[in-house]
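One structure below.
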Amino acid sequence: MRSGAVEIIRAALGSAIKEGVIKGERLPEIIIERPKKDEFGDFSTNIAMLLAPLEKKAPREVASALVGRIASDPLVEKCEVAGPGFINIFLKKSYWLSILERIISKGGDFGKSTLGQGKRVQVEFVSANPTGPLHIGHGRGAAVGDSLANILKAAGFEVTKEYYINDVGRQMEVLGRSVFLRYKELLGEKIEMPEEAYKGEYIKDIARDFILKFGDKYKVSSEAEAIPAFSAFSGAAMLDRIRKDLKDFGIEFDAWYSEKSLHEKGLVTATIEELKKRGHIYEAEGALWFRTTEFGDDKDRVLIKADGSMTYFSSDIAYHRDKVERGFSTLVDVWGADHHGYEARVRALIKALGYDDSVLKVIFIQLVALLRKGVPVPMGKREGEFVTLRQVMEEVGTDACRFFFLMRRSDAHLDFDLELAKSQAPENPVYYVQYCHARIHSIIGFAKEKGMEPPARFDLKLLERLDLKEETDIIKHLGSFEEVVERGAEAMEPHRITFYLMELAGLFHPYYNKNRVVTEDRELTDARLLLCGAVATVAANGLSLLGVSAPVKM
RNA sequence: GCGCCUGUAGCUCAGUGGAUAGAGCAUCGGCCUCCGAAGCCGAGGGUCGGAGGUUCAAAUCCUCUCAGGCGCGCCA
């Protein structure tokens, strides 16, 4: 509707210019907002205040020239000048009722749009190293990335979800060694775990699996002989666990991109060559450097170390070059906030290759503080004990878990209270929204028992029975869902959906409490059933964008 | 020291340059013979960290400053 309102104002401006009331040599952008207060209309615009200095007239004077023209639009009920020069537009009730028609006819598709025009967007997220289980922080990134992908899809983008696997390098060696040592220990040898080794219980699990598969054939092997096999096995085993964790969390990726494959395909070398050709590479102190400072980074970065090995960044330039060259219109990287220092160098790479770095959008995920009844749960990777995503998922359920992760802007700290997430009390926002959905289905079921099916067809006259203020408020809120999805996609902020849903439930519950849906008045009952159905539809659509279920019964 | 993020009600947080800054929780007081009480109703609560600036209009933009977090490896 917002765009419709813009058109109405544009038309009014056009006619005012034509009649010479306004010169209109320069026209500011038409901005429409939804006022917080009902008395300020359904939409309002500040166009008159922006236009006033250009026209050398008082804002209210400019506004007055427009209101009459706006009011003549068939959708507009009335139009007023207010305050310093706002133009407040009130739409006809029939317009709002027609929103219900759209929701009912579109059903699960309500909220989808063509904003993205099929442009290809890649969302890369989680991408945790396969050296340990996913922890709670990864979980937040997973929830945000997946929900963002859903929102972008709904907004008409073609989305690819990708996981980048860091399956080479020192960490894999450390993983291999850690498992190898546990393996020997399980076979009766006395071992000592080095400081750097991974010490979690899962290392022993993998060692056990290794024995089941290969027996004791590596018992007497040297580290040099054994580690490649152990690394490969352990990395794959770990990745399987990660995959399973994610799947149980409701997340499936379209692509799993292996760092190793970059090397195997020679893409790392090729990218370095390309940068060399472009003159961004130099040698110093025995190492090979990429002059990222030329593109806004703090300092230049090493690609090949003095010992001849590659840095992590060298893989990453190849990966991002590949991503850019795959032709996505936007690349979204979801990173932990502690990696923010990394952004500048990745942007530098994109620019150095001659591309526009605006293709890249990095979303930072702040840490999650886990609480239990308000008391912090100690977390620390030190002794290999940290709270895993699986533990939390199993304790509070995936719905509550995903919803909680999406209750804050992603770059804001998040307090995650396990007891709150589990509680079936009214203060738990997950259930507040889900309950709204379930409750409506129960009402519809109740009506059916009484032999009252909601009418199959939309009937404007019938819906005119919805004349309570609460009903209009609900309908208006329903009508803003499409816009919330679009703006969520533009801003790449899934939490907007969460807030929208809490607000929707916050409108519905009081309405329900005050008013009876199923009554002797058949017409009114039908109208209210339609309204309820629309609320349930939008609640379900919104929850599905979050990756949270919309239960019919709870 | 440099860079990024965050400072909004007791707590946790929303808030596309607009009109009297909002929720939830917590606190206090109420509501189930009636479609689901995982719900509802009512009350109190604010120097939007601070100071300048831009603007008709600033929580929002700019500069400075204070506080907290994070990052500044030939680690990954």
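Sequence lines set the chain letters: A, B, ... in the order given, protein chains first and strands last, and positions in each chain run from 1.
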Open item on the list: Looking at rA19(B) and F40(A): do their rings stack (centroid distance under 5.5 Å, interplanar angle under 30°)?
Closed with: yes
Open item on the list: Whether the side chain of H340(A) and the base of rC70(B) hold a donor-acceptor pair under 3.5 Å is what I'd like checked.
Closed with: yes
Open item on the list: Give the residues of residues 435-445 of chain A touching RNA chain B, defined as any heavy atom closer than 4.0 Å, sorted by residue number.
Closed with: Y435(A), A438(A), R439(A), S442(A), I443(A)
Open item on the list: Just the rounded figure in Å: distance from P of rC56(B) to CG of L51(A).
Closed with: 15 Å
TODO: Using only side-chain N and O atoms of K448(A), determine if any of them is under 4.0 Å from OP1 or OP2 of rC35(B).
DONE: no
TODO: Evaluate the ring planes of Y500(A) and F481(A), with Trp represented by its six-membered ring, and classify them as parallel (under 30°), tilted (30 to 60°) or perpendicular (over 60°).
DONE: tilted
Open item on the list: Less than 6.0 angstrom separating the ring centers of F43(A) and F90(A), yes or no?
Closed with: no
- [ ] Could you tell me whether the side chain of D298(A) has a donor or acceptor atom within less than 3.5 Å of a complementary atom in the base of rG3(B)?
- [x] no
Task: For atom CD1 of I474(A) and atom P of rC40(B), their distance in whole Å - done: 12 Å
TODO: Describe the nucleic acid contact of Y512(A) in one word from base, sugar-phosphate, nothing, applying a heavy-atom distance below 4.0 Å.
DONE: base
TODO: Give me the one residue out of R465(A), R528(A), R516(A) that meets side chain to side chain donor-acceptor pair (under 3.5 Å) with D521(A).
DONE: R465(A)
TODO: Assign rC11(B) to syn or anti; the rule is syn for a glycosidic angle within 90° of 0 and anti otherwise.
DONE: anti
Open item on the list: My understanding is that a pair needs two contacts under 3.5 Å, Watson-Crick or G-U wobble. By that rule, which nucleotide pairs with rC35(B)?
Closed with: none
Open item on the list: Filter on salt bridge (charged side-chain N to carboxylate O under 4.0 Å, His left out), then keep only pairs touching residues 36-47 of chain A, sequence neighbours left out; what's left?
Closed with: D38(A)-K469(A), D42(A)-K476(A)
TODO: For R372(A) and E395(A), run salt bridge (Lys or Arg N to Asp or Glu O under 4.0 Å): C-alpha distance rounded to whole Å, both residues' side-chain angles, the deciding distance at 0.1 Å, then the answer.
DONE: CA-CA 12 Å; R372(A) 193 176 287 283; E395(A) 180 170 347; 2.8 Å; yes
Open item on the list: Could you tell me how far rA23(B) sits from rG45(B) if I compare only their P atoms? Round to whole Å.
Closed with: 14 Å
TODO: Would you classify H339(A) as touching base, sugar-phosphate or nothing, given that sugar-phosphate means primed atoms plus P, OP1 and OP2, and contacts are heavy atoms under 4.0 Å?
DONE: base
TODO: First locate atom OG1 of T131(A), then atom CG of N166(A), and finally report the distance between them rounded to the nearest 0.5 Å.
DONE: 8.5 Å
- [ ] Report which part of the nucleic acid A58(A) touches: base, sugar-phosphate, or nothing (heavy-atom distance under 4.0 Å, all strands).
- [x] nothing
Task: Pairwise P distance, rA43(B) and rA58(B) [rounded to whole Å] - done: 30 Å
Task: Atom pair distance, as rounded to whole Å: CD1 in I363(A) and C1' in rU6(B) - done: 18 Å
TODO: Look at E196(A) together with R170(A) and state whether they make a salt bridge at an N to O cut-off of under 4.0 Å.
DONE: yes
Task: Separation between the P atoms of rA51(B) and rA59(B), rounded to whole Å - done: 12 Å
TODO: Considering only atom C1', compute the distance from rU60(B) to rU55(B) and round it to an integer number of Å.
DONE: 13 Å
Open item on the list: How many whole angstroms separate atom CZ of R345(A) from atom C1' of rG73(B)?
Closed with: 9 Å
TODO: Please measure how far the P atom in rG1(B) lies from the corresponding atom in rC48(B), and state the result in whole Å.
DONE: 29 Å
Open item on the list: For a quick check of understanding: with a heavy-atom distance under 4.0 Å over all strands, which category does N46(A) fall into, base, sugar-phosphate or nothing?
Closed with: base
Task: E493(A) side-chain proximity, nearest of rC35(B), rG15(B), rG36(B) - done: rG15(B)
Task: Pairwise P distance for rC11(B) and rC72(B), with rounding to whole Å - done: 32 Å
Open item on the list: Return a single string for nucleotides 58-63 of chain B, one symbol per nucleotide in 5' to 3' order, where B is base contact, S is sugar-phosphate-only contact and - is none, cutoff 4.0 angstrom on heavy atoms.
Closed with: ------
TODO: Provide the Watson-Crick or G-U wobble partner of rG52(B), both distances under 3.5 Å; none if there is no partner.
DONE: rC62(B)
- [ ] Check the side chains of Q171(A) and N129(A) for a donor-acceptor pair under 3.5 angstrom, ignoring hydrogens and angles.
- [x] yes
TODO: Would you mind telling me which residue lines up with the more 5' stretch of RNA chain B, V518(A) or Q171(A), judged by nearest nucleotide?
DONE: V518(A)
Open item on the list: With a 3.5 Å limit on both atom pairs, tell me what rG29(B) is paired to, counting Watson-Crick and G-U wobble, or say none.
Closed with: rC41(B)
Open item on the list: Does this structure show an ion pair linking K305(A) with D307(A), if we count only N-O contacts that are shorter than 4.0 Å?
Closed with: no
Task: Nearest-Å distance once atom C1' is located in both rU63(B) and rA21(B) - done: 25 Å
Task: Pairwise side-chain contact, F313(A) with V302(A), heavy-atom cut-off 4.5 Å (strictly under) - done: no
Open item on the list: Classify the ring geometry of Y164(A) against Y319(A): parallel below 30°, tilted from 30° to 60°, perpendicular beyond 60°.
Closed with: parallel
Task: Value in whole Å for how far the C1' atom of rU55(B) lies from CG of L54(A) - done: 14 Å
Task: Nearest-angstrom distance from the residue atom CH2 of W289(A) to C1' of rC74(B) - done: 7 Å
Task: Euclidean distance, atom NZ of residue K514(A) to atom C1' of rA37(B) [Å, nearest integer] - done: 17 Å
TODO: Using only side-chain N and O atoms of R409(A), determine if any of them is under 4.0 Å from OP1 or OP2 of rG15(B).
DONE: yes
Open item on the list: Using a heavy-atom cut-off of 4.0 Å across all strands, would you classify E490(A) as base, sugar-phosphate, or nothing?
Closed with: nothing
Open item on the list: Any base atoms under 4.0 Å from N515(A), or only sugar-phosphate, or nothing? Heavy atoms, all strands.
Closed with: base
Open item on the list: When you compare the ring of Y432(A) with the six-membered ring of rA38(B)'s base, are the centres less than 5.5 Å apart and the planes under 30° from each other?
Closed with: no
Open item on the list: Using 30° and 60° as the class boundaries, would you call the ring planes of H441(A) and H437(A) parallel, tilted or perpendicular?
Closed with: tilted
TODO: Give a yes or no on whether a salt bridge exists between R34(A) and E483(A), defined as a side-chain N under 4.0 angstrom from a carboxylate O.
DONE: yes
TODO: May I ask which nucleotide in the shown strands pairs with rC4(B), Watson-Crick or G-U wobble, both distances under 3.5 Å?
DONE: rG69(B)
Task: Along RNA chain B (nearest heavy atom to each residue), the more 5'-positioned of K305(A) and Y511(A) - done: Y511(A)
Open item on the list: Can you tell me the base-pairing partner of rA23(B)? Count Watson-Crick or G-U wobble geometry only, both distances below 3.5 Å, and say none if there is no partner.
Closed with: rU12(B)
Task: Atom pair distance, as rounded to whole Å: CZ in F508(A) and P in rA38(B) - done: 15 Å
Open item on the list: Would you measure the distance from the C1' atom in rG7(B) across to the matching atom in rG15(B) and give it in whole Å?
Closed with: 15 Å
TODO: Would you confirm whether the ring centroid of F364(A) sits within less than 6.0 angstrom of the ring centroid of H339(A)?
DONE: no
TODO: Give A287(A) one of three labels, base, sugar-phosphate or nothing, depending on what nucleic acid heavy atoms sit under 4.0 Å from its own.
DONE: base
Task: Donor-acceptor pair (no angle test) under 3.5 Å: N88(A) side chain, rA19(B) base - done: yes
TODO: Name the closest nucleotide to the D411(A) side chain, picking from rU12(B), rG18(B), rC5(B).
DONE: rC5(B)
Open item on the list: Heavy atoms from C-beta onward define the side chain here; which of rC35(B), rU12(B), rG18(B) lies closest to that of R516(A)?
Closed with: rC35(B)
Open item on the list: Students often get this wrong, so: under 4.0 angstrom with heavy atoms, is V484(A) touching a base, only sugar-phosphate, or nothing?
Closed with: nothing
- [ ] Tell whether S44(A) reaches the base of rA19(B) with its side chain through a donor-acceptor pair below 3.5 angstrom.
- [x] yes
